[in-house]
Asker: 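Below: one structure in structure tokens.
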Amino acid sequence: MNEVKENIIKKAVELFNQVGIRSCSMDDICRELGISKKTLYQYYATKDELVEAMLRRHAERAKECAEQDETSHVSALDVLLHILASTQKMKDVRRVPPLLFDLKKYYPQQYEDHVRALARINKESMARLIKRGIEEGDFRADIDSELCATFFSELNQQAMNNITRLAQMENFAEFSIFAVDLLIRGIVNEQGLAKLK
């Protein structure tokens, strides 16, 4: 992706997370990036077009991350522990970013399509990860990798579809950490459990 386009998307995401999509103007993005409106409109003619590009880029990044996890030389258990560590970094986050609310409210079809695309990516990569963990000897051999991946993908999709309810939870970060920890402890065998300690 073109570096200017990438920078525009990154800055838009940052601002949308702070104040929401509707409260952030194209002028705000230009000012923050130090570029002219002409330059911005050269890449994205409308805010809607920018939102579409942002969602596509997010899905691409999710797929790239899943592929990196699969080709890395770390174990499947280490990948899950990395996901847990990343989730734990959210512990101090006390609110759901306005970006998610605005996506769901003002871009419902794009939001739904995006959530579905992420669920598919997560399900496919999780199934492969679980199979790998079984082969490595850290995950329970009796686990149905497809069923397990479907279960956790559906949980994640339900959470995203109920973002308003999540936002009302005082401890949604702790809730997320608990869910990932539960996933790990539910699929590891004795050997994997010993590595958790």
Side-chain angles (χ1 to χ4, degrees), residues 1 4-35 37 40-41 43-66 82-126 149-183:
M1 178 180 266
V4 176
K5 289 178 91 168
E6 184 79 26
N7 288 339
I8 291 169
I9 289 174
K10 282 182 186 176
K11 185 52 71 177
V13 169
E14 181 184 319
L15 294 173
F16 294 164
N17 272 324
Q18 290 172 8
V19 299
I21 298 170
R22 290 291 181 177
S23 297
C24 178
S25 69
M26 296 294 260
D27 285 333
D28 294 331
I29 296 167
C30 290
R31 189 173 32 262
E32 287 289 321
L33 284 170
I35 62 173
K37 283 176 83 169
L40 177 60
Y41 289 124
Y43 295 101
Y44 302 105
T46 65
K47 193 191 297 186
D48 290 349
E49 195 177 301
L50 177 56
V51 168
E52 289 280 348
M54 174 193 72
L55 292 174
R56 268 193 316 276
R57 185 64 184 129
H58 186 255
E60 288 167 6
R61 295 280 308 169
K63 191 171 183 179
E64 289 167 8
C65 287
H82 175 74
I83 293 169
L84 179 60
S86 297
T87 307
Q88 287 171 331
K89 288 179 186 175
M90 294 177 17
K91 200 186 297 190
D92 295 329
V93 176
R94 291 288 167 225
R95 66 186 179 98
V96 175
L99 165 63
L100 295 178
F101 288 114
D102 280 6
L103 278 173
K104 189 164 184 182
K105 184 174 182 178
Y106 300 112
Y107 301 87
Q109 189 59 56
Q110 293 91 330
Y111 182 79
E112 189 177 313
D113 292 346
H114 185 64
V115 168
R116 220 177 295 118
L118 289 180
R120 189 184 69 255
I121 292 166
N122 290 337
K123 178 183 172 186
E124 291 168 0
S125 64
M126 183 61 75
T150 299
F151 176 74
F152 286 101
S153 175
E154 285 297 319
L155 282 181
N156 190 38
Q157 197 169 357
Q158 286 299 316
M160 293 303 294
N161 286 331
N162 291 297
I163 201 73
T164 307
R165 285 185 48 211
L166 276 182
Q168 294 169 349
M169 293 175 62
E170 275 186 42
N171 59 349
F172 75 88
E174 289 89 350
F175 179 80
S176 299
I177 293 166
F178 174 78
V180 175
D181 187 60
L182 188 63
L183 160 68

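Predicted model, so just to flag it, every value in this text is computed and none were measured.
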Asker: Side chain to side chain contact (heavy atoms under 4.5 Å, CB included), that's the test. Do Tyr43 and Ile8 meet it? Break it down for me.
Answerer: CA-CA 9 Å; Tyr43 295 101; Ile8 291 169; 4.0 Å; yes
Asker: For Lys11, what residues pass the side chain to side chain donor-acceptor pair (under 3.5 Å) criterion, not counting sequence neighbours?
Answerer: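 If we apply the side chain to side chain donor-acceptor pair (under 3.5 Å) test to Lys11, skipping adjacent residues, the hits are Glu14.
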Asker: According to side chain to side chain contact (heavy atoms under 4.5 Å, CB included), who are the partners of Leu155, at least two apart in sequence or on a separate chain?
Answerer: Phe151, Phe152
Asker: Within a radius of less than 6.0 Å around NZ of Lys63, do more than 12 heavy atoms belonging to other residues, nucleotides or ligands occur?
Answerer: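 Counting other residues, nucleotides and ligands, NZ of Lys63 stays at 12 neighbours or fewer.
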Asker: Asn122 side chain to Leu118 main-chain N or O, any donor-acceptor pair under 3.5 Å?
Answerer: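 Judged by distance alone, yes, a pair lies under 3.5 Å.
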Asker: Mind checking side chain to side chain donor-acceptor pair (under 3.5 Å) for Tyr107 and listing every partner two or more places apart, or none if nothing turns up?
Answerer: Asp48
Asker: Could you work out, with salt bridge (Lys or Arg N to Asp or Glu O under 4.0 Å) as the rule, every residue matching Asp28, not counting sequence neighbours?
Answerer: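 So Asp28 forms a salt bridge (Lys or Arg N to Asp or Glu O under 4.0 Å) with Arg31.
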Asker: So that I can tick it off, tell me whether Arg57 and Glu60 are bridged by a salt bridge, with the cut-off set at under 4.0 angstrom between side-chain N and carboxylate O.
Answerer: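 Salt bridge: yes.
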Asker: Quick one: do Lys10 and Glu32 make a salt bridge, cutoff under 4.0 Å?
Answerer: no
Asker: Under the side chain to side chain contact (heavy atoms under 4.5 Å, CB included) criterion, do Gln110 and His114 qualify, and how do the steps go?
Answerer: CA-CA 6 Å; Gln110 293 91 330; His114 185 64; over 6 Å; no
Asker: Gln157: which residues meet the side chain to side chain contact (heavy atoms under 4.5 Å, CB included) condition with it, sequence neighbours left out?
Answerer: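 Per chain and number, Gln157 pairs via side chain to side chain contact (heavy atoms under 4.5 Å, CB included) with Val115, Arg116, Ala119, Glu154, Asn161.
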Asker: Nearest heavy-atom pair of Tyr111 and Leu100: which atoms, and what distance?
Answerer: CE1-O, 4.1 Å
Asker: Taking salt bridge (Lys or Arg N to Asp or Glu O under 4.0 Å) as the definition, give me every residue that meets it alongside Glu124, ordered by chain and number, with sequence neighbours left out.
Answerer: none
Asker: What are the two closest non-hydrogen atoms of Met54 and Ile9, and how far apart are they?
Answerer: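 Scanning both residues, the minimum pair turns out to be CA-CG2, 4.1 Å.
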Asker: What residues, two or more places apart in sequence or in another chain, satisfy side chain to side chain contact (heavy atoms under 4.5 Å, CB included) together with Lys123?
Answerer: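 Checked Lys123 against side chain to side chain contact (heavy atoms under 4.5 Å, CB included); matches are Glu146, Ala149, Thr150, Ser153.
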Asker: If every non-hydrogen atom of Pro98 is compared with every non-hydrogen atom of Asn17, which pair is closest and at what distance?
Answerer: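 Result for this residue pair: CD-O, 2.7 Å.
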Asker: Taking all heavy atoms of Leu40 and all of Cys30, pick out the closest pair and write down the distance.
Answerer: CD2-SG, 3.5 Å
Asker: Could you state the interatomic distance from CD1 (Ile35) to CG (Asn7), rounded to the nearest 0.5 Å?
Answerer: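 Between atom CD1 of Ile35 and atom CG of Asn7 there are 8.5 Å.
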Asker: With sequence neighbours left out, write down each residue that passes ring pair (Phe, Tyr, Trp, His ring centres under 6.0 Å) with His82, or none if nothing qualifies.
Answerer: none
Asker: Sequence neighbours excluded, which residues qualify as side chain to side chain donor-acceptor pair (under 3.5 Å) partners of Gln158?
Answerer: none
Asker: Can you name the closest pair of heavy atoms from Ile29 and Ala12 and give their distance?
Answerer: CD1-CB, 4.0 Å
Asker: Salt bridge (Lys or Arg N to Asp or Glu O under 4.0 Å) with Lys37: which residues, sequence neighbours excluded?
Answerer: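 Partners of Lys37 under the salt bridge (Lys or Arg N to Asp or Glu O under 4.0 Å) test: Asp27.
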Asker: For Leu50 and Met26: C-alpha separation, side-chain torsions, deciding distance, then whether side chain to side chain contact (heavy atoms under 4.5 Å, CB included) applies.
Answerer: CA-CA 10 Å; Leu50 177 56; Met26 296 294 260; 4.2 Å; yes
Asker: For a quick test of reading the model, state the closest non-hydrogen atom pair linking Ile121 to Ala59 and the distance between them.
Answerer: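 In terms of heavy atoms, the two residues are closest at CD1-O, 3.6 Å.
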Asker: With rounding to the nearest 0.5 angstrom, report the CD1 to CG distance, Ile21 to Leu103.
Answerer: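 So the gap between those two atoms works out to 4.0 Å.
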Asker: For Phe178, check side chain to side chain contact (heavy atoms under 4.5 Å, CB included) against everything at least two apart and list the hits.
Answerer: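 Partners of Phe178 by the side chain to side chain contact (heavy atoms under 4.5 Å, CB included) criterion, ordered by chain and then number, come out as Leu182.
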